[in-house]
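Everything on this sheet refers to the single structure shown next.
In this text the structure is predicted, and so the values were computed from the model without any measurement.
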Amino acid sequence: MSACVPTRTPDSSRTERVNPPHDPSRAPRRRFRVAGADVSASIAVFLIALPLSLGIALATGAPLQAGLVAAAVGGLVAGRLGGSPLQVSGPAAGLTVVTADLIQRYGWRTTCAITVLAGLVQLGLGCLRVARSALAVSPAIVHGMLAGIGVTIAVAQMHIVLGGSPQSSVPDNLRSLPAQLADLHPAAVAVSALTLVLLLLWPRLPGRLGQLLRKVPAALVAVTGATATAVFAGLTQPRVELPSWSSHALAGLPEGPVLGLVAAVLTTTLVCSVQSLLGAVAVDKLIAARPGVPAQVGRSDLDRELLGQGAANMVSGALGGLPVAGVAVRSAANVQAGAVSRNSTMLHGVLVVIAALLMVPALELIPLASLAALVMAVGIQMVSLHHIRTVTRHREVPVYAITTLGVVFLGVLEGVTLGIAVAVAVSMRRLARTRITHAEKEGVHHVHVRGQLTFLAVPRLSRALHHVPHGSSVVVELDGSFMDHAAYETLQDWQRTHTARGGSVELTGRRSGGGTDTSIGSGREGEEPAASPVQAVVPVVGTADSPLAGCRCRPWTPWRNHQCDGPLPAPPPGGRAVERQEQLPEEPSRGEPGARTGALPPETAESAAASGPARSAAPVAPTSPPQPTQPTLPTEQTEQVDSTGPDRRTESIGAAGSGPSGRQLVRGISAFQRNTAPLVRGELARLAREGQQPSQLFLTCADSRLVTSMITSSGPGDLFVVRNVGNLVPPPGEESGDDSVAAAIEYAVDVLKVRSLTVCGHSGCGAMQALFDAEPGGKQTPLKRWLRHGVPSLERMADTGRPSARLAGRPAADPVEQLCLTNVVEQLDHLRAYESVARALRAGELELHGMYFHVGEAQAYLLSEAGQSEGEAAVFDHVGVADLSASEA
């Protein structure tokens with residue numbers, strides 16, 4: 001069976017009911033329905049696609065009708081068959097240079113045939129299910145390709161903007177530009193300037209009227225305004241010419257050298273496929289960031305998307321249209337306009353067909369200079385400053401620059417090939433480049449290895465280790481993500497020799513994903529290592545056979561899921577602790593060529609250490625050289641003997657962590673001391689000197705699932721946190737109230753001068769459930785006495801005269817969630833009753849915020865400003881990921 005044909009498994013549990021045609025009980029057939037949101041979104045996309053399709057066709061030198069054909073086919077075929085429901089396909093600016101070159105070399109009919117063959121290749125790739133492999137292309141190469149295409153488009157269209165005709169290449173266009181500037185056509189320049197001004201200023205219209213007007217696409221306004229001005233002013237200049245559809249040129253048999261045609265097909269396939277697949281991924285991100293997305297809008301199926309794009313290119317090429325690909329600007333407009341299904345994309349294609357058949361007289365009024373200015377602006381936007389900053393931050397500027405220049409001066413395929421070659425060279429250089437430094441600090445020698453540790457760096461590593469004196473304390477820090485077997489053997493042999501001569505060695509590194517330090521272990525002298533090269537240092541209380549030696553805890557592993565819980569032998573006399581180097585289970589086994597460590601960003605390491613015990617990481621001070629009268633134990637199991645020296649903290653750990661919870665607590669603290677404390681010590685020292693100056697008071701529930709610093713991305717000194725059961729604020733002056741909450745509010749407002757107060761509720765709140773289920777009377781426990789401060793929230797929810805609090809896009813899931821939302825609004829009212837808060841609010845020195853955190857969705861909602869007014873509905877708005885503006889591609 002072909003891989004393209006989905007298989008169906010018959011459902012045996014379902015009984016088929018057969019009714020005769022005249023049976024009145026037969027259910028009516030389901031009607032095809034289109035959501036109103038899809039209709040409005042399709043109109044918005046159509047208004048953007050119409051001028052851009054004509055402009056891209058103009059830029060390629062193809063018949064202008066070819067742009068309309070590609071837009072209609074992209075909407076109908078790719079929209080129906082593609083795997084990304086909300087991605088809009090059509091003629092894309094990223095294909096302009098490729099198509100223009102093909103038209104000049106082979107003519108229009110052969111170019112259409114190449115488009116058909118490229119679609120056929122896309123169908124084959126989709127059947128092979130290799131769509132994900134296209135995402136392996138470095139983003140620097142993709143951004144560089146788009147930037148090079150954008151430069152080529154902008155330079156070529158500038159000649160039309162000035163009233164002339166573009167040349168065949170960028171160097172020729174640049175050489176002829178001075179002559180073109182000397183021979184300006186005022187009418188073309190005026191129309192182009194008006195188009196650019198409208199295109200630039202329309203999205204920036206201020207005020208409420210501007211907000212309404214901005215719903216009309218800027219591209220449509222720019223072209224319509226320039227066309228109307230040219231018509232009423234009577235400007236004479238070239239305009240759009242749409243010949244009769246009866247004379248429209250269709251695809252013909254490809255003519256030309258075979259190798260050239262093969263290269264053309266592969267180039268078209270590469271650009272169309274990569275652009276469409278990356279666009280589908282970007283659309284998924286936009287959909288995820290949009291609140292209230294329906295369940296039927298699923299994630300993109302990239303293999304199906306490739307099949308849909310291939311079918312669209314075959315149809316478009318056969319009908320005489322431009323190549324088709326996913327288009328970023330139209331897709332973003334479709335998502336932002338509220339589309340909920342692929343019907344919006346298909347309706348936009350239908351509207352393009354109607355316009356191509358019925359609006360020909362109006363389209364022929366458009367000046368070519370206006371379309372050229374529109375496409376030139378799109379080309380300039382393809383050189384994205386955001387992309388340049390991104391590649392600079394990741395040190396991939398050479399890849400980006402070489403790809404861009406290659407596309408501009410050589411061609412798309414040649415530029416991408418050069419970019420891939422440079423990317424491979426940069427990766428190899430990073431793999432081979434290793435910096436090894438040696439320094440002595442306070443009697444401890446530090447050997448720092450920056451980069452990947454391969455056999456190429458072994459001579460320099462041996463040279464640095466040779467300069468370490470015998471019998472000294474050494475810390476070797478491995479700051480890289482890869483180590484091969486040769487480097488491991490060198491380190492292991494040197495460690496064994498150095499410790500045998502009375503020295504001590506601590507081999508540390510940073511581990512990917514775990515944020516824990518790693519150490520290179522060695523077996524007993526004369527034995528081959530039975531573990532992987534990279535191992536973790538774990539303080540083990542008791543003997544080497546203690547269950548803690550098998551700890552496999554990750555930084556975010558909940559304590560209840562720890563695999564290291566078990567009976568713990570009593571510590572030896574004197575509270576000695578044994579340090580054991582424990583094998584990490586997922587490292588490559590003995591005989592594999594290398595082992596991996598990795599770097600964890602500081603903020604991740606801090607969160608991991610603060611939230612729970614890190615995976616098998618603990619601070620171990622460099623051991624002092626053993627006394628001559630004491631035997632030297634093998635490095636795999638070293639006993640800390642001197643409890644009065646630098647290892648006293650190890651002794652205290654052995655004494656304190658005598659139970660499972662104690663061990664978990666010690667492990668978490670140890671991970672903090674080793675991983676996070678060095679990163680935050682400077683900031684905490686500054687806060688210790690200057691005192692705390694938090695910007696906000698954050699009042700939330702004591703629920704263990706709410707990690708305030710994680711939710712708000714805060715660090716030390718940012719939040720003044722008050723936590724209690726149910727995030728309640730007792731009204732001021734109430735008898736037997738809780739003065740601790742009132743004292744915290746007074747201290748935060750009057751002394752710390754916080755600028756905002758936030759009350760944060762959450763889903764699944766046990767306090768709200770208890771409050772909702774509480775029955776009057778009964779024994780007054782401390783919990784019941786405390787929850788009486790939430791009774792006003794119950795009364796507020798029961799008051800039918802007040803609008804109910806709700807989440808944006810949906811009602812509350814159940815009465816308990818409704819009470820959680822209402823409680824946040826009620827506690828904000830309690831806060832306003834405090835004298836210090838009321839005074840600060842009147843002076844404009846303080847803001848109040850309501851927040852709701854849905855634990856299961858990891859989603860935060862903020863109470864809108866209108867919802868905090870008396871009589872207004874309390875609506876908690878979705879807080880999503882900031883949308884990144886996408887360039888037309």
[X] versus [Y]: any side-chain heavy-atom pair under 4.5 Å?
X: V350; Y: I354; value: yes
X: R204; Y: L200; value: yes
X: D183; Y: H185; value: yes
X: V223; Y: L374; value: yes
X: S176; Y: H159; value: yes
X: L120; Y: M314; value: yes
X: V274; Y: L270; value: yes

What pairs of donor and acceptor atoms, side-chain ones from residues 42-61 against any protein atom, are under 3.5 angstrom apart with sequence neighbours left out?
unit_1, atom_1, unit_2, atom_2, d
S42, OG, D38, O, 3.3
S42, OG, V39, O, 2.6
S53, OG, A49, O, 2.7
T60, OG1, I56, O, 3.4
T60, OG1, A57, O, 2.9
T60, OG1, A62, N, 3.3

- prompt: Among all residues two or more places apart in sequence or in another chain, which pass the salt bridge (Lys or Arg N to Asp or Glu O under 4.0 Å) test with R214?
  reply: none
Listed partners of D301 passing salt bridge (Lys or Arg N to Asp or Glu O under 4.0 Å), at least two apart: none
What are the two closest heavy atoms between [X] and [Y], and how far apart are they?
X: I388; Y: V391; result: O-CG2, 3.2 Å
X: I366; Y: T227; result: CA-OG1, 3.6 Å
X: Q157; Y: V375; result: CG-CG1, 4.1 Å

Only counting residues at least two apart or in another chain, list the ones meeting side chain to side chain donor-acceptor pair (under 3.5 Å) with [X].
X: S316; result: none
X: S276; result: none
X: S344; result: N334

Which donor-acceptor pairs under 3.5 Å do side chains of residues 189-196 form with protein atoms, sequence neighbours excluded?
unit_1, atom_1, unit_2, atom_2, d
S192, OG, V161, O, 3.4
S192, OG, A188, O, 2.8
S192, OG, A369, O, 3.3
T195, OG1, V191, O, 2.9
T195, OG1, S370, OG, 3.0

With sequence neighbours excluded, give me every salt bridge (charged side-chain N to carboxylate O under 4.0 Å, His left out) pair touching [range].
range: residues 170-179; value: D172-R175
range: residues 302-319; value: R129-D303
range: residues 97-116; value: D101-R105

query: With sequence neighbours left out, which residue pairs that include part of residues 116-126 fulfil the side-chain hydrogen bond (donor to acceptor under 3.5 Å, both in side chains) condition?
result: Q122-S273, Q122-N313
Contacts table for residues 404-417: side-chain donor-acceptor under 3.5 angstrom, sequence neighbours left out:
unit_1, atom_1, unit_2, atom_2, d
T404, OG1, G144, O, 3.2
T404, OG1, Y400, O, 2.8
T417, OG1, L413, O, 2.7

field: L302 backbone acceptor or donor facing S300 side chain under 3.5 Å
entry: no
field: Test item: side-chain donor near acceptor, S89 and Q309, under 3.5 Å
entry: yes
